[in-house]
Every structure is written in structure tokens, then in C-alpha cells.
Amino acid sequence: MKHRVGIVWLQNELRTDDNPLLCKAAAECQQLIVLYCANPKWFDANRYGLRSIGERRWRFIWESLTNLDALLQQLGQQLLVLPQSPLHAIAELITAHNVDALYYAEHPGVYERTYAELLKRRYPLLQHHAVCSQSLWEQQQLPFTLADLPDSFSKFRRQLEQNDLRDAIPAPLSSPRQLPPPPAGLLAVPRQPLPVVTAPQHPQFVGGSHAAYEQVQAYFASGAASTYKETRNALDSWSDSTKFSAWLADGSLSVRRLHQQLLNYEQQQGANESTYWIFFELMWREYFHWYGRRHGRSLFAFNGIRQQRPQTSFYAGRWQQWCSGTTPFPIVNACMNQLNATGYLSNRGRQLVASCFVHELQLDWRYGAAFFEQQLIDYDVSSNWGNWQYLAGVGADPRGHRRFDLDKQTRQYDPNGDFIARWHGKVEATLDWVDAADWPIHPPK
């Protein structure tokens, strides 16, 4: 017997292609509500004095939502975007439309999972369908239980490869040809306005499945995948890395579809160390997905998953300099200026500014992670906070702290100073012109 009315609650699955939530609901529901909640908490100041979603990230998400709505309309549906928490939005819809089924993803984020658990407890008579939609493998395919997740990526990767699990990645699903219609009167109730999109559009990072598909096709057609390992650490060139992360982060690109495209490339152009390294990076993403599922709130803890208190503090002046790109370290300033201007930073750049934050500036790593959460258009909760733990020595790194020699890194990755010049990294600056209480020590130069 089919459900009368179902809700598909989308979070990081902003696509119709390879969307198991939509496919399952389409087969099981007579009517359907496709919902996205723009939680007002995302745009308010959090415990770090920042927002969960900054202006550039919100523009990218909004573009993805707009594109998804257009795709849904081709399937007889529409996207309902509500500026409410999931608890409030779903409660209203259940009452107004006699909903009897709820579909949502098995999310790696602890707060997203908490919302799902609260909905289960509040509405026990609903049919709750938690679906895997964001990872390469289903949990039951892993060669270990979640409680026994390996404590380092290397161990995780070895177990996957020893069990030949690449061949077991499920094939991506096709987009539904048609979706059940929404219930009558779905948009009849006046809604509060959504946050205004104010950031300028990025010339290359445009949200949505259409732009994601274009980037995947263009990247593999260029042949750059065959040299990825040699170019991936470049600081600024568009073609030197895949740039898939932003679309993977909000789910406008399916990781399984991307893996299928990578396999196709390897079959047609040949597999080599560079094409393997793209898969290697997807395994890193996969590891952090399960890392977030495994460690929950410890992902955000100062002591990390190791219960090992780092030797850092909080210096207001140093924090302000790092955020604004006015430290005494030109390579760091250039990276931060690029991040603030574009919402994106290369993987190498992220490592350099995080290392500087933790070691040279001796700041509480959680503030850096929270700033990335606000600024990055490709923010992924598990990858972001897991990587910051990794750099701070409180995460999944058996070697402890990762400290980068900023002078050596500058000579290696910006030998002619082009990147620093382009992003205005050279400034007259000194540390600690204010003390920990924000009192002046000496005036900045």
C-alpha cells in the first residue's frame, strides 16, 4: 500500500540524478512534498561570533536550489524552500497535509542527525525512511562496524583496497521520469522571506546540477585527470585541480556519478597514478563521512577525538589578522584574501593557513574551522572539522601536529611571488599589537 503523502527532506542532496530519496519516495507515495529548510540559525551569530553560512556560500546554495526547482518542475514537482528549522517546517506540513511518510538522508552531521531523531520521537506513527545518499558505500558494505572505524585514513584505505571494495560501489541511479504531484494548496500559506542573496556570482563556481555536469564534462574532456597528482597542489589555477568539491558539498553532484565518470575516463584514456589519486581523494572524503558519523559531537570538541588538549589560546588581534589577511606571513595573507574574495581556497592553501593558525598564531583551532564553515562554498561538515582536528593534532593523524614551514612552502608553490602579488599578500604587519584583552601593546605599523 502506498503512502498517502510523503515529505522528502533534502539537505545535501540538491539533485534529481542519483537521488535515492526521490527515487524511493516516487515509488512509495501518492503525493509528495519536496522540502528544503533554510534554518534561520545558519544566519545568526554562533558561539564563535560567526555565521554558519556566509554570503558566498549562501549564493552558491541558492543557485543550486534554483536549478533543482527547475529540474523538479520538469518532473511534475516543485521545491518548497522554507526559512524554518526542520522541526517547525515539517511539523506544520504534517498537520496541514496529513503526511504519513518522511524521507531523509543518513547525514554525517550530528546536529542533522539530532533533528532526525527528534522527528522520530515526536512522530512515531509516521513511516521514517533514512536513506544513504551522500557516500560511495553503504554502511553495511564496510569491512568493519562504525564503532571500529580505523583511527587513521591509511588504515581505512588499506582495508577498503584489501577487500576490493572499489568494484562494489553501487551504480548511480537515473533521475525519475516523473514524480508524484504535490498536495493541493501547498503554497497557499504566506511564508517568511528567505535571506537575500547579496554576494556577487562567481564566474566559475555556479551552484546547481547543470553547472556541476558542465564542470565534470569539461574536466575529463581536457585530459587534466591524467596529470592531477602533479598539479593538485597548485595554489590558484582553475585547471590544476578538479574543483568538484563545491557541488559534492551541497549534493548537486552525486559522488557515485562522479566515480562512474572517473571509471569511464580510465577505461577510455587509461588509468594511471593521477587518476587513482582522484579516487584517493574521494576515499578521504569517504573516510571523513564515516568519521563524522562515528564521533558525533567530538568532531567539534576542543580536545578532539583523542581527548588531548592542544596548547593554544585566543588572541583577539591575531584572530583578526588571520581573518583579514594581515598577518606577517605573505603566503597566508594571499590565501585568506583569496578565500574572502571567492569563497574558495586550494587544498594546499587550506593546509598552510590552518598550520599557521595553530602553530605560528597559537590560536584555538575551532575558531579557524568555524571561519572556514562560514566562508567556504564547498564546506562539508565532516571534512572541514575532521581536517582541522588533523592539523591541530587532536584528530585522525597518528603523527600528531602537522606544521608547515611557511617559507619553504612559499618557495615551493609560489617561487616567483605571483600568487602573493595577485592576492595582495605583502603587508606591513607585526603580531601582538593588542594583548589578550584587546588592549594596545604598541600601534600597528
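Values reported hereafter were calculated over all heavy atoms of this structure, with side chains retained and with hydrogens, waters and symmetry mates removed. We're numbering straight along the sequence, starting at 1.
With sequence neighbours excluded, the residues satisfying ring-ring contact (aromatic ring centres under 6.0 Å, His included) with Tyr291 are Tyr287, Phe288, His295. Judged as a salt bridge (Lys or Arg N to Asp or Glu O under 4.0 Å), and not counting sequence neighbours, the contacts of Glu281 are Arg232. Not counting sequence neighbours, Asn67 has no partner by the side chain to side chain donor-acceptor pair (under 3.5 Å) test.
For the pair Gln217/Glu214, no side-chain contact is recorded, criterion being any heavy-atom separation below 4.5 Å from C-beta on. Contact of the Ser135 side chain with the Trp290 side chain is registered, since non-hydrogen atoms from C-beta on lie closer than 4.5 Å. Taking 4.5 Å as the limit, some side-chain heavy atom of Phe404 sits within range of a side-chain heavy atom of Arg348. With contacts defined as side-chain heavy-atom distances shorter than 4.5 Å, the pair Trp423/Asn340 does not qualify. At a threshold of 4.5 Å between non-hydrogen side-chain atoms, the residues Leu35 and Val8 do not count as touching. When side chains are defined from C-beta on, His129 counts as touching Glu28, because their heavy atoms get closer than 4.5 Å. For the pair Gln362/Arg318, a side-chain contact is recorded, criterion being any heavy-atom separation below 4.5 Å from C-beta on. With contacts defined as side-chain heavy-atom distances shorter than 4.5 Å, the pair Met336/Ser324 does not qualify.
When only modelled atom types and interatomic distance are considered, Asn39 and Gln84 share no side-chain donor-acceptor pair under 3.5 Å. A donor-acceptor contact closer than 3.5 angstrom links the side chains of Asn333 and Thr327. Using a 3.5 Å distance cut-off with no hydrogens or angles, the side chains of Asp364 and Thr312 do not pair a donor with an acceptor. Defined by atom type and a distance below 3.5 Å, a donor-acceptor pair is missing between the side-chain atoms of Asn384 and Glu373. Counted by atom type alone, Tyr367 and Trp388 present zero donor-acceptor pairs between their side chains at under 3.5 Å. Side chains of Gln11 and Glu112: a donor-acceptor N/O pair is absent below 3.5 angstrom, by distance only. Under 3.5 Å, the side chains of Gln139 and Arg293 contain a donor-acceptor pair of N or O atoms. Using a 3.5 Å distance cut-off with no hydrogens or angles, the side chains of Ser52 and Gln374 do not pair a donor with an acceptor. Side chain to side chain, Gln351 and Gln409 fail the donor-acceptor criterion of an N or O pair below 3.5 Å. In this model, no donor atom of one side chain and acceptor atom of the other lie less than 3.5 Å apart for Gln321 and Thr326.
Around atom NE2 of His210, no more than 12 heavy atoms belonging to other residues, nucleotides or ligands sit under 6.0 Å away. Counting heavy atoms of neighbouring residues, nucleotides and ligands inside a 6.0 Å radius, atom OH of Tyr213 does not exceed 12 of them. Around CD of Glu273, the count of heavy atoms belonging to other residues, nucleotides or ligands within 6.0 Å does not exceed 12. Heavy atoms of other residues, nucleotides or ligands lying less than 6.0 angstrom from NE2 of His88 number 12 at most.
Between Asp378 and Arg350 there is a salt bridge, since a side-chain N of the basic residue sits under 4.0 Å from a carboxylate O of the acidic one. A salt bridge does not link Glu286 to Arg256: none of the charged nitrogens lies less than 4.0 Å from a carboxylate oxygen. Electrostatic pairing of Asp17 and Arg257 counts as a salt bridge here, judged by a charged N lying under 4.0 Å from a carboxylate O. One finds a salt bridge joining Arg157 and Glu161 here, because a Lys/Arg side-chain nitrogen approaches an Asp/Glu carboxylate oxygen to under 4.0 Å. A salt bridge links Glu63 to Arg59: at least one charged side-chain nitrogen sits closer than 4.0 Å to a carboxylate oxygen. At a threshold of 4.0 Å, the pair Asp407-Arg411 does not count as salt-bridged, since none of the basic side-chain nitrogens sits closer than that to a carboxylate oxygen.
The two residues Leu235 and Gly349 make their nearest non-hydrogen contact at CD2-N, 4.0 Å. Of all non-hydrogen atoms in Pro40 and Ser85, the two that sit nearest each other are CD-N, 3.9 Å. A pairwise comparison of heavy atoms in Leu79 and Asp69 identifies N-OD1, 2.9 Å as the closest pair. Here the closest non-hydrogen pair linking Lys120 and Tyr104 is CE-OH, 3.1 Å. When every heavy atom of Leu160 is checked against every heavy atom of Met283, the shortest pair comes out as CD1-SD, 4.1 Å. Of all the heavy atoms in Leu22 and Leu179, the pair that sits closest is O-CD2, 4.1 Å.
When ring centroids are compared, Trp322 and Phe371 come within the 6.0 Å threshold. Proximity of the aromatic rings of Tyr228 and Trp277 is defined here by a centroid distance below 6.0 angstrom, and this criterion is not met. For Phe279 and His259, the ring centers are positioned less than 6.0 Å apart. Checked against the 6.0 Å centroid criterion, the rings of Tyr36 and Trp9 do not qualify as a close aromatic pair. Aromatic ring centroids of Phe205 and Trp247 lie under 6.0 Å apart. A distance below 6.0 Å separates the ring centres of Phe153 and Phe280. Ring-centre distance between Trp365 and Tyr390: not below the 6.0 Å cut-off. Side-chain rings of His107 and His289 stay apart, their centers remaining 6.0 Å or farther from each other.
Side-chain N or O atoms of Asp414 include one that pairs as donor or acceptor with a backbone N or O of Asp418 at under 3.5 Å. Between the side chain of Arg56 and the backbone N or O of Ala341 there is at least one donor-acceptor pair closer than 3.5 Å. The closest donor-acceptor contact from the side chain of Ser355 to the backbone of Leu352 lies at 3.5 Å or more, if one exists at all. Using modelled atom types, one side-chain atom of Thr145 and one backbone atom of Asp148 make a donor-acceptor pair closer than 3.5 Å. Using modelled atom types, one side-chain atom of Asn19 and one backbone atom of Leu21 make a donor-acceptor pair closer than 3.5 Å. With hydrogens and angles ignored, the 3.5 Å screen pairs a side-chain donor or acceptor of Gln141 with a backbone N or O of Glu138. With hydrogens and angles disregarded, a donor-acceptor distance shorter than 3.5 Å links the side chain of Gln389 to the backbone of Leu299.
Here Leu345 contributes atom CG and Cys335 contributes atom SG; the two are 5.0 Å apart, rounded to the nearest 0.5 Å. A distance of 9.0 Å separates CG in Leu126 from CG in Leu119, rounded to the nearest 0.5 Å. To the nearest 0.5 Å, atom OG of residue Ser133 and atom CD of residue Glu106 are 8.0 Å apart. Going from atom CG of Leu282 over to atom OG1 of Thr242 covers 8.0 Å, rounded to the nearest 0.5 Å.
By the 30° and 60° cut-offs, the orientation of the rings of Tyr48 relative to Trp385 is tilted.
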Next item on the list: Given ring-ring contact (aromatic ring centres under 6.0 Å, His included), test Tyr111 with Phe300 step by step and report yes or no.
Entry: CA-CA 11 Å; Tyr111 296 109; Phe300 309 101; 5.6 Å; yes
Check: For Ser245 and Lys243, what are the C-alpha separation, side-chain angles and deciding distance, and is it a side chain to side chain donor-acceptor pair (under 3.5 Å)?
Finding: CA-CA 6 Å; Ser245 58; Lys243 303 299 189 297; over 6 Å; no
Check: Does the side chain to side chain donor-acceptor pair (under 3.5 Å) test come out yes or no for Gln269 and Ser226, once each step is laid out?
Finding: CA-CA 8 Å; Gln269 304 297 328; Ser226 296; over 6 Å; no
